[in-house]
Amino acid sequence: MADPKGFLTTPREEWPRRPVGERVRDWDEVYVPGALLPVVSRQADRCMDCGVPFCHQACPLGNLIPEWNDLVSREDWRAAAERLHATNNFPEFTGRLCPAPCEAGCVLAINQPAVTIKNVECAIADRAWEEGFAPPAPPERLSGRTVAVIGSGPAGLAAAQQLTRAGHTVAVYERDDRIGGLMRYGIPEFKMEKRHLERRIEQMRAEGTKFRTSTTVGRDVDAAELRSRYDAVVIATGATAWRELAVPGRGLAGVHQAMEYLPLANRVCEGDLESSPLSAAGRNVVIVGGGDTGADCLGTAVREGAASVTQLDIYGRPGDERDEEADPWPTYPKLYRMSAAHEEARELRMGPAADAGEGGGGDVRVFAASTLRFSGDGEGRVCALRLVEVDAGRRAVAGTERTLPADLVLLALGFSGPDPGDGLVAQLGVELEGRGTVARDGGFGTNVRGVFAAGDAARGQSLIVWAIAEGRAVAAAVDRYLAGGVSRLPVPIGPDDRPMRV
């Protein structure tokens, strides 16, 4: 513990964001470049090095947070990077994309703002790359065993890196033309610039991992035939089956899934397209869904020059403070949060005239709102959305129906499991749970010998830290299977572990 009084003398300070008027004119990350390092050493001093660090339990990776906080406060960046990478393959991803359940579990958060763990993590990861503290770590010898990993999201990449470093020959199969899964085409550039992803991919290539892009297992390659070619297979395709909204007018042109919209904007940033065919420019946009994917759509629509944007959330507006009965410490609380995208839309007054300033100081979100139907313009295109307010039981409140202008509607309702139409599940013969996810045993194995499942494909839609933890854990399971029951790889979670909740 570097400063025993740090938590008493130093207030919480976060990585500052660039001015809204500046950042919405580009696709760069929203934070002020170079402004993090002066902040994190002071913030690391606030860590109390608790006797029972609940931040460990709140993070499925089991990150050694007090240890690297202490090292950062002493500016021992090399040692901090070693402790951080001991539990997390990709801290530069989680330091930008994770909602930080570790901070909710910070003991200081019982009665004060938590330590800025996420910012410290990101600073260590970035410094590690700058100083060369993250070199490739190829295995000393090869096992002669082969593994196919299907999917290159965080779970698949974590599994592949762990297994490669253990000496197995690993090939990652990805259906898109570039590696990264949702991190590539689902996460907007302003949340994580893809150069961070490219660095890790090059590191993994240097370690020996092979990548096969533009290959959909189940269509381009028969899954059963793939299983026969490899000693083990890991299904890490993610939860790609999106949830639908079965209301009148769903078939109108202009109503799209979020994951039809976001990849096109990312392809513009990649240089594949001059402009998105689903661009929000000049359009009245309504986003149905109040989660992170909806916020990603919001920030993207703002940068594309939407005329107005409204985000509908079926849940009521959360409180500003933790509800100690519903979400007691150290669980992750439901709070009213203002993401960078929400901040941008509010400051730019992006809500339609009927909603600007309504109940939230210009917040473009409408809480406790349910979509009733879409209306068309007579030529088959959507032009309006009819909604109604709902109570806590999602029952319509009489007399609250109203109409929003909408010529682009984006459905951000989450995902249920692997896409059943790609042939992978049927060809391998793996069983599914009732909710559509891949069924597995206590060792991450499916009903098919040598076939394992990890990440959202088996767990269901979750956070990036859970995906990486699943990838690390399934790698240990595969290593045990290939090595006859023994593995030295870490097992951060079991397949049935879940976040702390009441």
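Values below: every heavy atom of this structure, side chains too, minus hydrogens, waters and symmetry copies. When a residue number appears, it is its place in the shown sequence, counting from 1.
A donor-acceptor pair under 3.5 Å links the side-chain atoms of W329 to the main chain of C106, judged by distance alone. Side-chain atoms of D327 never come within 3.5 Å of backbone atoms of T331 as a donor-acceptor pair (strictly under, hydrogens ignored). No donor-acceptor pair closer than 3.5 Å links the side chain of Q461 to the backbone N or O of A239. Although no hydrogens or angles enter the test, the distance criterion places a donor-acceptor pair under 3.5 Å between the side chain of D407 and the main chain of N284. The backbone N or O of S276 sits nowhere less than 3.5 Å from a side-chain atom of S279 that would complete a donor-acceptor pair. Under a 3.5 Å cut-off, the side chain of Q257 and the backbone N or O of R243 do form a donor-acceptor pair.
A salt bridge between D292 and K191 is absent, with no side-chain N of the basic residue lying under 4.0 Å from a carboxylate O of the acidic one. A salt bridge links D391 to R395: one of the charged nitrogens lies within less than 4.0 Å of a carboxylate oxygen. The pair D26-R18 meets the salt-bridge criterion, since a charged nitrogen lies less than 4.0 angstrom from a carboxylate oxygen. Under the 4.0 Å criterion applied to side-chain N and carboxylate O atoms, E270 and R184 are assigned as salt-bridge partners. Between R25 and D28 there is no salt bridge, since no side-chain N of the basic residue sits under 4.0 Å from a carboxylate O of the acidic one. Ion pairing between a basic and an acidic side chain is recognised when a charged N comes within 4.0 Å of a carboxylate O; R205 and E202 show such pairing.
R175 CZ: 12 or fewer foreign heavy atoms inside a 6.0 Å radius. Few gaps surround CG on D176; more than 12 heavy atoms of other groups in view lie less than 6.0 Å from it. Within a 6.0 Å sphere centred on CD of Q57, other residues, nucleotides and ligands contribute 12 heavy atoms or fewer. Counting non-hydrogen atoms of neighbouring residues, nucleotides and ligands closer than 6.0 angstrom, the CD atom of E379 reaches no more than 12 such neighbours.
Considering CZ of F7 and SG of C50, their distance stands at 9.0 Å, rounded to 0.5 Å. The CG atom of L262 lies 7.0 Å from the OG1 atom of T293; values are rounded to the nearest 0.5 Å. Between atom OG1 of residue T10 and atom CD of residue Q43 there is a gap of 7.0 Å, rounded to the nearest 0.5 Å. To the nearest 0.5 Å, the span separating CZ on R46 from CD1 on I117 amounts to 10.0 Å. Between the CG atom in L64 and the OG1 atom in T87 there is a gap of 5.0 Å [rounded to 0.5 Å]. From N119, atom CG reaches atom CZ of R96 across 10.5 Å, with rounding to the nearest 0.5 Å.
S152 and E174 share a side-chain donor-acceptor pair at under 3.5 Å. Remark: the N88 side chain and the T94 side chain contain an N/O donor-acceptor pair separated by less than 3.5 Å.
Side-chain atoms of L408 and E304, non-hydrogen and from C-beta on, never get closer than 4.5 Å to each other. Between Y261 and C297, some side-chain heavy-atom pair lies under the 4.5 Å cut-off. In this structure, the side chains of W15 and V39 stay at 4.5 Å or more apart for every pair of heavy atoms.
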*Applying salt bridge (charged side-chain N to carboxylate O under 4.0 Å, His left out), run through R74 and D76 and close with a yes or a no.*
CA-CA 6 Å; R74 302 175 190 276; D76 189 345; over 6 Å; no

*Steps toward side chain to side chain contact (heavy atoms under 4.5 Å, CB included) verdict (M204, F211)*: CA-CA 9 Å; M204 293 178 66; F211 295 100; 4.0 Å; yes

_Stepwise side chain to side chain contact (heavy atoms under 4.5 Å, CB included) check, E67 with E82_ = CA-CA 11 Å; E67 294 185 31; E82 290 174 355; over 6 Å; no

*Evaluation steps, salt bridge (charged side-chain N to carboxylate O under 4.0 Å, His left out), between E92 and R200*: CA-CA 10 Å; E92 67 273 31; R200 281 295 176 185; 2.6 Å; yes

*Would you check, one step at a time, whether the test side chain to side chain contact (heavy atoms under 4.5 Å, CB included) holds for N266 with W27?*
CA-CA 10 Å; N266 275 298; W27 294 87; over 6 Å; no

*Are R267 and D177 close enough, and set up right, to give a salt bridge (charged side-chain N to carboxylate O under 4.0 Å, His left out), and what steps lead you there?*
CA-CA 11 Å; R267 287 192 177 278; D177 58 342; 3.0 Å; yes

*For side chain to side chain contact (heavy atoms under 4.5 Å, CB included), just list the numbers for F54 and H56, CA-CA rounded to whole Å, side-chain angles, deciding distance to a tenth of an Å, and then say yes or no.*
CA-CA 5 Å; F54 278 82; H56 283 197; over 6 Å; no

_R303/E189 under salt bridge (charged side-chain N to carboxylate O under 4.0 Å, His left out): CA gap, chis, key distance, verdict_ = CA-CA 11 Å; R303 283 162 177 75; E189 191 84 358; over 6 Å; no

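The nearest pair of heavy atoms linking E344 to G299 is OE1-CA, 4.2 Å. In this structure, V115 and R12 approach most closely via the heavy-atom pair O-NH1, 3.5 Å.
Under the 6.0 Å distance and 45° angle rule, R178 does not count as a cation-pi partner of Y185. For the pair R394 and Y315, the cation sits on the ring face: its NZ or CZ lies under 6.0 Å from the ring centre, inside 45° of the axis.
If you run side-chain contact (heavy atoms from CB on, under 4.5 Å) between E29 and each of R17, H196, R23, only H196 comes through.
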